[in-house]
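Okay, structure first, notes after.
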Amino acid sequence: MLTEGSWLVESVLAVDERTVWFTGTRHGHLERHVYEVPLAGGAARRRTDTQGTHAAVVHHRSKRFVDLHSSMAQPPSSCAPTTRSAASR
């Protein structure tokens, strides 16, 4: 098992030989964030900071993703942080 707790993994975004990227509800049932977790085990790390809903497309070789974010206070916007430099919660 790669995750634990009472929250949902909503979709798997990408998988490579070491990492799985996915969206989930770990930080609240009204939030959707991008996370990554090592295939060998370990803690899932949140890769998006802003409150709201995040959807993403991950390019696992370049360690980059396009994040589409929206919330009740903000219309949809997109950005392309690297998976290494984004939030690590």
Fit a plane to each ring of Y35 and H27, take the angle between them on a 0 to 90° scale, and name the class: parallel (under 30°), tilted (30 to 60°) or perpendicular (over 60°). parallel
Which value, rounded to the nearest 0.5 Å, describes the distance between L68 atom CG and C79 atom SG? 9.5 Å
Any side-chain heavy-atom pair of V57 and L13 under 4.5 Å: no
So, taking the atom named CG in L30 and the one named CE in M72, what distance separates them when rounded to the nearest 0.5 Å? 10.0 Å
Looking at CZ of F65 and OG of S78, how far apart are the two atoms once the value is rounded to the nearest 0.5 Å? 11.5 Å
Check whether any side-chain N or O of R64 sits under 3.5 Å from a backbone N or O of A80 as a donor-acceptor pair, and report yes or no. yes
Is there a side-chain contact between V34 and R46 (heavy atoms, below 4.5 Å)? no
Should we say atom CD of E31 is surrounded by more than 12 heavy atoms from elsewhere, each under 6.0 Å from it? yes
Quick one: does L39's side chain get under 4.5 Å of R18's, heavy atoms only? no
Passes side-chain contact (heavy atoms from CB on, under 4.5 Å), D16 versus W21? Steps please. CA-CA 9 Å; D16 69 13; W21 289 272; 3.5 Å; yes
Do any N or O atoms from the side chain of R32 and from the backbone of H29 form a donor-acceptor pair under 3.5 angstrom? yes
Okay, side chain of S71, backbone of Q74: is any donor-acceptor separation there less than 3.5 Å? yes
Do the side-chain N and O atoms of S70 and T53 include a donor-acceptor pair separated by under 3.5 angstrom? no
Checking P38 now: which residues fulfil side chain to side chain contact (heavy atoms under 4.5 Å, CB included) with it, not counting sequence neighbours? none
Side chains of T48 and H33: do they bring a donor and an acceptor to under 3.5 Å? yes
Donor-acceptor under 3.5 Å (R26 side chain, A44 main chain): yes
Under the side chain to side chain donor-acceptor pair (under 3.5 Å) rule, collect the residues that match up with T19, sequence neighbours excluded. none
With sequence neighbours left out, write down each residue that passes side chain to side chain contact (heavy atoms under 4.5 Å, CB included) with V9, or none if nothing qualifies. T3, W7, F22
